[in-house]
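Here is the structure we will look at.
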Number of protein chains: 4
Amino acid sequence: MAADIPPAETQPAETQPAETQPAGTQPTKAPPAASRSAKPLRADAARNRAKVLDAARDVFAELGTGASTEEVARRAGVGIGTVFRHFPTKESLLEAVLGEILAGFAEQAKARTGAADPGGAFFDFFQLVVGESATKNAVSAELAGAGIDIAAGRADVRQELRGALGVLLTRAQEAGVVRADVGLGEVLALLAGTSQAAGKLDVATRARVLDVVFDGLRSQPS
Amino acid sequence: MAADIPPAETQPAETQPAETQPAGTQPTKAPPAASRSAKPLRADAARNRAKVLDAARDVFAELGTGASTEEVARRAGVGIGTVFRHFPTKESLLEAVLGEILAGFAEQAKARTGAADPGGAFFDFFQLVVGESATKNAVSAELAGAGIDIAAGRADVRQELRGALGVLLTRAQEAGVVRADVGLGEVLALLAGTSQAAGKLDVATRARVLDVVFDGLRSQPS
Amino acid sequence: MAADIPPAETQPAETQPAETQPAGTQPTKAPPAASRSAKPLRADAARNRAKVLDAARDVFAELGTGASTEEVARRAGVGIGTVFRHFPTKESLLEAVLGEILAGFAEQAKARTGAADPGGAFFDFFQLVVGESATKNAVSAELAGAGIDIAAGRADVRQELRGALGVLLTRAQEAGVVRADVGLGEVLALLAGTSQAAGKLDVATRARVLDVVFDGLRSQPS
Amino acid sequence: MAADIPPAETQPAETQPAETQPAGTQPTKAPPAASRSAKPLRADAARNRAKVLDAARDVFAELGTGASTEEVARRAGVGIGTVFRHFPTKESLLEAVLGEILAGFAEQAKARTGAADPGGAFFDFFQLVVGESATKNAVSAELAGAGIDIAAGRADVRQELRGALGVLLTRAQEAGVVRADVGLGEVLALLAGTSQAAGKLDVATRARVLDVVFDGLRSQPS
DNA sequence: TATGAATGAGCGTTCATTCAT
DNA sequence: CATGAATGAACGCTCATTCAT
């Protein structure tokens with residue numbers, strides 16, 4: 001029974017401790033990942049880029065990835081040309097949005113890699129992701145769906161996420177909290193599937209779904 | 001803990017189990033939509049309807065729901081006008097495809113409602129759905145995603161599925177194989193999520209993911 | 001001096017004998033070159049195809065090949081979709097227009113291959129082409145310019161034209177009227193160049209330019 | 001015959017031969033457009049103007065006049081704003097490029113006006129122009145095509161060229177080398193047409209084409 | 001003055017849907 | 001009824017031109 005091992009800090013999370021401060025401390029700060037092409041980017045340009053990215057996230061979450069680029073421009077309050085200046089392709093825009101979300105998750109995962117309670121850290125992170133996805137529906141669908149292919153350009157971010165999540169998983173397994181016969185692939189699939197499903201569930205049902213998945217992931221007391 | 005949250009509103013769904021009406025014995029046959037307008041439909045017209053529906057299933061599974069209606073017509077070997085005669089809207093075509101899939105699942109579920117081994121029946125059905133979805137990728141995405149909204153017109157089929165699955169679930173719970181604190185809503189969500197995720201997984205990983213979910217669903221031995 | 005060899009029938013051609021009946025007896029008749037894909041093409045579809053082709057010729061001649069496809073549709077009195085149904089690409093439309101012109105020329109050339117006066121036939125044809133190009137300006141520019149590359153799909157038509165013109169040339173050379181040291185390539189280049197230049201010349205100047213070129217092409221009396 | 005049509009209006013063009021003003025000794029230098037607005041133009045500004053003009057010539061020759069202004073800026077190593085500061089319109093940039101080319105030709109023509117061998121000078125110049133155009137394809141297309149209209153603003157340069165070429169022609173005719181019944185208009189047309197055609201010809205063919213045209217232009221020995 | 005970010009009209013093209021054949 | 005040609009709104013994207021920095 002799941003109740004045996006008190007998943008205290010992770011389970012009752014629908015009181016949303018982590019969700020209060022969303023992944024990615026500043027949603028879209030000025031010099032976004034200066035690592036890419038060393039272009040400092042003028043102040044106003046950076047501001048516009050952020051506006052577009054934010055609008056894109058909202059629009060795609062709300063209307064699906066089929067939403068028009070014009071709608072993104074409108075919502076961002078810029079001309080269509082501006083959107084295409086920053087993201088020369090609709091695909092690249094989608095990629096950037098997804099990349100940002102993944103980066104946020106990677107950050108959260110990394111922040112937990114050294115946690116004193118490895119099991120708690122693992123389940124906490126899992127729940128955080130599912131919770132966020134529930135809000136940003138369509139985008140999370142992309143995460144699980146075509147997104148995973150679309151974000152080809154963000155291989156780096158994905159690797160980061162995989163790396164950090166891998167650490168979380170291994171430590172939880174070493175601590176005997178998570179069963180030893182699952183790998184990163186299984187966890188990612190469960191994460192994606194659960195996130196996807198969580199989108200249209202009420203909080204209570206979501207909690208129970210998570211409870212099932214978590215129980216399945218836990219080491220059998222046997 | 002999740003265990004003490006009564007899944008009240010989702011559970012009672014199986015209060016209306018299997019509908020009396022046999023609902024489409026052969027997946028793609030003559031007048032399955034008899035529920036809407038009692039038009040007998042000339043033999044060749046019915047044949048065309050079936051051809052279109054089959055083609056649509058293939059096309060959308062292969063190319064995604066963004067595939068053009070023309071492509072469906074081409075694949076079905078009929079004119080575009082014929083497609084629109086039978087399904088006046090692309091959405092209605094999508095709905096019909098999804099409805100057919102759901103009907104197939106409902107049938108499978110019903111076939112297992114009287115099984116001697118209730119637990120086996122339940123997990124067997126779950127696995128069957130996930131396996132099928134893994135092949136028909138795009139459609140399964142629809143199942144889990146927009147599909148759930150799109151199939152609004154097929155409330156009857158959905159009810160049938162819910163009914164039969166409800167029976168399967170209840171019996172498995174009564175047999176003590178499936179934990180008592182999950183309801184139909186949770187199971188459907190897990191089914192959808194797992195199906196969705198299964199699409200891009202190799203068989204071995206898929207098996208392991210299912211194993212986790214099944215373990216989570218099982219009554220804890222404790 | 002050009003006057004020596006009376007180029008009578010060809011020279012005074014500004015009295016336009018040939019131009020009265022333009023190349024291609026019926027400008028764009030219904031089943032356009034049934035040789036291509038054996039599709040009979042419904043009556044109204046053929047009519048529209050012709051309307052589009054005619055409009056395209058006019059529009060491109062008037063506004064240059066940069067003219068918008070919408071303008072062609074407008075001028076043809078059809079929807080934009082109709083243009084694209086018949087010519088799935090702007091390039092294919094350009095190609096078709098050019099192809100039609102070339103086909104007309106090929107036809108004219110062939111009609112003269114058996115002429116009793118080989119020299120007259122050759123110069124007559126040359127003049128005809130230049131005269132037509134003078135009217136259909138921009139398109140002729142294409143003929144001479146990028147057109148020659150653009151019409152890649154109409155290699156057959158070009159071969160036909162080259163073949164017939166080759167006959168005309170050879171016979172004129174055998175008759176001792178055209179100098180022996182020029183080949184098809186030179187003649188085509190002169191044809192293209194002269195056509196191109198003729199576009200913005202008044203009739204008198206055009207006649208004198210042709211006179212110069214013809215004199216250059218004639219066998220030196222020496 | 002063409003011979004008896006006096007080319008009256010075209011011939012008189014050489015009544016205003018070579019302008020007194022030396023007109024741009026080095027193709028791309030400081031204030032050649034001094035004719036328009038007597039702005040001395042700061043040294044660096046002049047340098048930028050020249051860089052842009054050079055880049056534009058290359059870009060348009062290489063990519064056609066459809067090439068983007070951004071590409072010109074990039075190639076010139078300046079910002080897009082700078083291009084538009086010097087040439088407020090793409091058309092004006094095209095005009096300037098063409099003007100420069102024409103100015104170069106005018107210069108070459110003037111340099112030959114006093115040649116000891118008037119016939120040689122004339123044909124030499126003709127060949128030079130055709131040869132240059134063969135390399136700078138797209139621009140030569142402009143010369144012969146829209147260019148003739150586009151360069152409306154450079155009437156001065158065109159007059160210069162016409163003047164000098166008029167002198168070349170008249171002297172060659174007076175020397176009995178070029179037939180007397182052609183005027184400036186005819187020669188310019190032949191020049192344009194031949195240049196245009198030369199673009200896509202191999203050297204040997206080009207030579208033969210020129211040979212034909214030159215023979216046509218020569219006084220018949222008879 | 002030079003820069004390059006912003007703008008938006010316009011383009012080629014697609015596709016769900018309608019309607020004459 | 002079936003057909004497929006016609007339609008036109010909408011989309012992704014480009015580029016000449018403007019304007020804040």
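Numbered from 1 within each chain, the chains take letters A, B, ... in sequence-line order. All values derive from a computational prediction rather than experimental measurement.
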Can you check nucleotides 15-17 of chain F for protein contacts, nitrogen or oxygen pairs under 3.5 Å, and list what you find?
from	atom 1	to	atom 2	distance (Å)
F:dA16	OP1	D:Lys90	NZ	3.0
F:dA16	OP2	D:Thr69	N	2.8
F:dA16	OP2	D:Thr69	OG1	3.0
F:dT17	OP2	D:Lys90	N	2.8

Can you check the [X] [atom1] to [N] [atom2] distance for me, whole Å?
X: B:Leu63; N: E:dT14; atom1: CG; atom2: P; value: 15 Å
X: D:Arg47; N: E:dA2; atom1: CZ; atom2: P; value: 11 Å
X: C:Arg49; N: F:dA6; atom1: CZ; atom2: P; value: 12 Å
X: A:Leu93; N: F:dC11; atom1: CG; atom2: C1'; value: 14 Å
X: A:Arg74; N: E:dT7; atom1: CZ; atom2: P; value: 14 Å

Among residues at least two apart in sequence or on other chains, which ones pass side chain to side chain contact (heavy atoms under 4.5 Å, CB included) with [X]?
X: C:Ala67; answer: C:Val59, C:Phe60, C:Leu63
X: D:Arg85; answer: none
X: B:Phe87; answer: B:Arg49, B:Val52, B:Leu53, B:Ser92, B:Leu93, B:Ala96
X: D:Thr82; answer: D:Asn48, D:Val78, D:His86

Requested in this report: Could you pick out which residue, B:Thr82 or C:Asn48, lies toward the 5' side of DNA chain F when each is mapped onto its nearest nucleotide?
Outcome: B:Thr82
Query raised in the report: Can you tell me if the side-chain N/O atoms of D:Arg85 get under 4.0 Å from OP1 or OP2 in E:dT1?
Result: yes
Requested in this report: Examine E:dT1: is either OP1 or OP2 under 4.0 Å from a nitrogen or oxygen in the side chain of D:His86? Give yes or no.
Outcome: no
Query raised in the report: Could you spell out the base pairing of DNA chain F in dot-bracket, with Watson-Crick or G-U pairs whose two distances are under 3.5 Å, [ ] crossing and | to another strand?
Result: .||||||||||||||||||||
Query raised in the report: Charged N to carboxylate O under 4.0 angstrom, A:Asp54 versus A:Lys51?
Result: no
Query raised in the report: Going by an N to O cut-off under 4.0 Å, is there a salt bridge joining D:Arg75 and D:Glu62?
Result: yes
**Report entry** side chain to side chain donor-acceptor pair (under 3.5 Å) partners for D:Arg74, two or more places apart
**Finding:** D:Glu71
Query raised in the report: Does A:Phe84 offer a backbone N or O that forms a donor-acceptor pair with the side chain of A:Lys90 under 3.5 Å?
Result: no
Report summary line: Shortest non-hydrogen pair, A:Ala56 vs A:Val97, comes out as CB-CG2, 3.6 Å
